Amino acid sequence: MFEYATLKFLWWVLVVVLLVGFAVMDGFDMGVGTLLPFIGKNDTERRVLINSVGPHWEGNQVWFITAGGALFAAWPMVYATAFSGFYVAMLLVLWSLFFRPVGFDYRSKLENPTWRKFWDWGLFVGGAVPPIVFGVAFGNLFEGAAFRFDPELHSSFSFTVLDLFTPFTLTAGVLSLLMIVFHGATYLVLRTEGTLAKRSEGAARLAATLLAILFPVEGYALAHGVSGYRILSGDAPGGVANPLAKTVGRATGAWLDNFHAHPALWLVPSMIYAGIALALISLRAGRPLLAFVGSAVTNAAVITTAAVSLFPFILPSSLDPNSSLTAWDAVSSPLTLEIMFWAAILLTPVILAYTGWCYRVMRGKVTVALVREQDHTLY
């Protein structure tokens, strides 16, 4: 039904939507986990924070799993290359995520303060480490991964773990962490009250301010410091999936090519500041739901800005730029893309409807009084 080039672009859009969904939906509960040891000053307050996300965190994490599945279905070469080369980073994310199910389910089973404090910090690790790793990973996409393909399309890497950490990539990791802290803090303002809401509001303002300062620093680095990638010849949108059938060059400022070619795209990064402004104004006006919407817009705009800047590159190569993987040459067959596209179109509305219903049923404030009253039924 669709041309091959159209399917390629549609799947690029779908994967970006899934990443945005992960940042927005799973971002706030990771933000709550990151803030847990600092916003909650005693055991009861920390239980309030945990129960504010307790009914939703597992469903939210499905966005991450679905994004990985979509990556495998749509861009198998990217999946194989990235998971092979960044295996240690993937394991770090996986190990940190182990703390979440165990922490949520077993933290309050024992009243021992040492036990509970350990799992509080475990939930902090499960909340803070993944966004830092993802931010560093995105930073490395812009700098290029040290891999190349041989003529038989076998990939090989040449780097050490320390090579992944540069000032630019570490700043990207901090930026990613600030995104989820900002989002988690606005969520807590929405779901808690009194002292906890006040502390969360302060955390949201601090994270938003730092995010607003740090984002243009990264943008300046992309424009003047990090060499971008540019397709010089070959890689046709409707062409075959062969990453070696193109010529790629590098140039300072190339990551801004899409914005220069289509000035309307500057609206995407501007939405970052629109979201921050909406959140801060709404917090001052006592409108926590609008503040949460503002932080969600900010997270979505950061992810989309990165995606627009990279397009059509998905996994650039610093060892051999011609081996870089793009949305045009790293994809599955037309049949696979079309079948999976219709599956996504049919099932995504069902998932969104069910998720919305869950949030409606579980709406309202989580209070200290509620936790004390239902001590044996809540987390």
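Note that the structure is predicted; figures quoted are calculated from it, not measured.
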Task: Common cluster, Val15/Tyr4, ILVMFWY with side-chain heavy-atom separation under 4.5 Å - done: yes
Open item on the list: Test your reading of the model: is there a side-chain donor-acceptor pair from Ser158 to the backbone of Ala146, 3.5 Å cut-off?
Closed with: no
Open item on the list: Determine whether a donor-acceptor pair (N or O, by modelled atom type, separation under 3.5 Å) exists between the side chain of Asn140 and the backbone of Ala145.
Closed with: no
Open item on the list: Keeping Ser176 on the side-chain end and Gly173 on the backbone end, is there a donor-acceptor pair under 3.5 Å?
Closed with: no
Task: Phe72 atom CZ: more than 12 heavy-atom contacts under 6.0 Å - done: no
Task: CG on Leu244 to CG on Leu153, rounded to 0.5 Å - done: 5.5 Å
Open item on the list: Would a single hydrophobic cluster contain both Phe28 and Leu290, if residues Ile, Leu, Val, Met, Phe, Trp and Tyr are joined by side-chain heavy-atom contacts under 4.5 Å?
Closed with: no
Task: Non-hydrogen atoms of Thr367 and Glu193 that approach each other most closely - done: CG2-OE2, 3.3 Å
- [ ] Looking only at non-hydrogen atoms, find the nearest pair between Phe147 and Leu315 and report the distance.
- [x] CZ-O, 3.5 Å
Open item on the list: Quick check for you: to the nearest 0.5 Å, what is the distance between Ile180 atom CD1 and Asn299 atom CG?
Closed with: 8.5 Å
- [ ] Just say parallel, tilted or perpendicular for the rings of Trp115 and Trp119, cut-offs at 30° and 60°.
- [x] perpendicular
Task: Test of ring centre spacing under 6.0 Å for Tyr87 and Phe157 - done: no
Task: Heavy-atom side-chain contact between Trp12 and Val16 under 4.5 Å - done: yes
Task: Derivation and outcome, side-chain hydrogen bond (donor to acceptor under 3.5 Å, both in side chains), residues Ser295 and Thr186 - done: CA-CA 7 Å; Ser295 63; Thr186 59; 2.7 Å; yes
Open item on the list: Given 3.5 Å as the limit, does a donor-acceptor pair link the side chain of Ser309 with the main chain of Ala306, or not?
Closed with: no
Task: CA sep, side-chain torsions, deciding dist, call: Asp320, Ser317, side-chain hydrogen bond (donor to acceptor under 3.5 Å, both in side chains) - done: CA-CA 6 Å; Asp320 176 23; Ser317 169; 5.9 Å; no
Open item on the list: In this structure, would Leu14 and Trp342 fall into the same cluster of hydrophobic residues linked by side-chain contacts under 4.5 Å?
Closed with: yes
Open item on the list: Measuring only between side-chain heavy atoms, which start at C-beta, is His183 closer than 4.5 Å to Val24?
Closed with: yes
TODO: State whether the side chain of Arg116 and the backbone N or O of Leu110 hold a donor-acceptor pair below 3.5 Å, judged by distance alone.
DONE: yes
- [ ] Establish, yes or no, whether a centroid distance under 6.0 Å links the rings of Trp328 and Phe311.
- [x] yes
Task: Evaluation steps, side-chain contact (heavy atoms from CB on, under 4.5 Å), between Leu196 and Leu49 - done: CA-CA 9 Å; Leu196 284 174; Leu49 304 187; 4.2 Å; yes
Open item on the list: Please check if the number of heavy atoms outside Trp266 that lie under 6.0 Å from its CH2 is greater than 12.
Closed with: yes
TODO: Could you tell me whether Asp43 and Arg107 make a salt bridge, using a distance below 4.0 angstrom between a side-chain N and a carboxylate O?
DONE: yes
Open item on the list: If you apply the rule side-chain contact (heavy atoms from CB on, under 4.5 Å), what do you find for Gln61 with Trp57, and how did you get there?
Closed with: CA-CA 6 Å; Gln61 200 153 289; Trp57 72 271; 4.1 Å; yes
Task: Worked check of side-chain contact (heavy atoms from CB on, under 4.5 Å) between Arg100 and Met30 - done: CA-CA 9 Å; Arg100 303 187 77 201; Met30 285 187 174; 3.8 Å; yes
TODO: Please confirm whether the backbone N or O of Phe149 pairs with a side-chain atom of Ser323, one donor and one acceptor, at under 3.5 Å?
DONE: yes
Open item on the list: Can you classify the ring geometry of Tyr229 versus Trp255 as parallel (below 30°), tilted (30 to 60°) or perpendicular (above 60°)?
Closed with: tilted
TODO: Go through the steps for Glu143 and Thr169 under the test side-chain hydrogen bond (donor to acceptor under 3.5 Å, both in side chains), then give the verdict.
DONE: CA-CA 8 Å; Glu143 292 197 333; Thr169 62; 5.1 Å; no
Open item on the list: For Glu111, is the CD atom crowded, meaning more than 12 foreign heavy atoms sit under 6.0 Å from it?
Closed with: no
Task: Ser227 side chain vs Ala251 backbone, donor-acceptor pair below 3.5 Å - done: no
Task: Lys41 side chain to Arg46 backbone, donor-acceptor under 3.5 Å - done: no
TODO: Please work out whether the ring planes of Phe215 and Tyr273 are parallel, tilted or perpendicular, with thresholds of 30° and 60°.
DONE: perpendicular
- [ ] Mind listing the closest non-hydrogen atom pair of Pro321 and Ser324 along with its distance?
- [x] O-OG, 2.7 Å
TODO: Please tell me if the side chains of Met179 and Thr298 come closer than 4.5 Å, counting only heavy atoms from C-beta onward.
DONE: no
TODO: Pick out which of Asn322, Thr326, Asp329 makes a side chain to side chain donor-acceptor pair (under 3.5 Å) with Lys246.
DONE: Asp329
- [ ] Please indicate whether Arg230 has more than 12 foreign heavy atoms, meaning atoms of other residues, nucleotides or ligands, lying under 6.0 Å from its CZ.
- [x] yes
Open item on the list: So which atom in Ser52 and which in Val32 form the shortest heavy-atom distance, rounded to 0.1 Å?
Closed with: OG-CG1, 4.3 Å
- [ ] Pick out which of Trp11, Phe2, Phe9 makes a ring pair (Phe, Tyr, Trp, His ring centres under 6.0 Å) with Phe341.
- [x] Phe2
Open item on the list: To check you understand the geometry: which heavy-atom pair defines the closest contact between Leu256 and Ala223, and what is its length?
Closed with: CD1-CB, 3.5 Å
TODO: Output the distance between atom OG1 (Thr66) and atom CG (Leu19), rounded to the nearest 0.5 Å.
DONE: 11.0 Å
Task: Asp29/His56 under side-chain contact (heavy atoms from CB on, under 4.5 Å): CA gap, chis, key distance, verdict - done: CA-CA 8 Å; Asp29 61 55; His56 307 298; 5.7 Å; no
Task: Closest heavy-atom pair and its distance - Ala128, Ile132 - done: O-CG1, 3.2 Å
Task: Hydrophobic cluster membership, Leu178 vs Leu206, 4.5 Å side-chain cutoff - done: yes
Open item on the list: I'd like to check Phe99 versus Leu123 (side-chain heavy atoms, cut-off strictly below 4.5 Å). Are they in contact?
Closed with: no
Open item on the list: Using modelled atom types and a 3.5 Å cut-off, is there a donor and acceptor pairing between side-chain atoms of Arg284 and backbone atoms of Ile281?
Closed with: no
- [ ] With rounding to the nearest 0.5 Å, note down the distance linking CG in Leu36 to CZ in Phe124.
- [x] 10.0 Å
Open item on the list: If I take atom CG from residue Leu170 and atom CG from residue Leu164, how far apart are they, to the nearest 0.5 angstrom?
Closed with: 10.0 Å
TODO: Evaluate the side-chain proximity of Trp75 to Leu325: yes if any heavy-atom separation is below 4.5 Å, no if none is.
DONE: no
TODO: Might you confirm whether atom OH of Tyr106 has over 12 heavy atoms from other residues, nucleotides or ligands at distances under 6.0 Å?
DONE: no
Task: In one Ile/Leu/Val/Met/Phe/Trp/Tyr side-chain cluster, 4.5 Å: Val366, Tyr359 - done: yes
Open item on the list: Does the plane of the ring in Phe134 sit parallel, tilted or perpendicular to the ring in Phe64? Use 30° and 60° as the thresholds.
Closed with: tilted
Open item on the list: Applying the side chain to side chain contact (heavy atoms under 4.5 Å, CB included) criterion to Val189, which one of Arg199, Glu201, Arg287 satisfies it?
Closed with: Glu201
Open item on the list: Would the distance check show the side chain of Ser282 and the main-chain N or O of Ala279 forming a donor-acceptor pair, the cut-off being under 3.5 Å?
Closed with: no
